[in-house]
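If you're wondering where the values come from, they're calculated on a predicted model, not measured in any experiment.
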Amino acid sequence: MNSIINMVIRRVMSIAINKGINAGVDQMAKRKGRNTDDPQQSADIQQDKQRLRQTARLGRRFTKL
């Protein structure tokens with residue numbers, strides 16, 4: 001029973017952490033691209049968001065117990 005509870009807690013925490021990271025990345029992108037009408041700069045911001053999410057995913061993968 002204890003292992004089932006641990007699995008559920010890990011899954012819920014994983015979802016919560018992912019949502020928090022995505023929210024932080026979105027906030028960073030909003031701040032960085034406030035006054036942007038340049039399509040190149042918008043593309044750079046999208047790439048930065050993707051890289052941040054990938055880095056966060058790798059970090060979580062390496063720190064799993």
Approximate separation, where rounding is to 0.5 Å, of I17 CD1 and R10 CZ: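 The CZ atom of R10 is 11.5 Å from CD1 of I17, to the nearest 0.5 Å.
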Any donor-acceptor N/O pair, T55 side chain to R51 backbone, under 3.5 Å: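 Answer holds: yes.
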Single-linkage hydrophobic cluster, 4.5 Å side-chain cutoff, M13 and I5 together: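 Yes.
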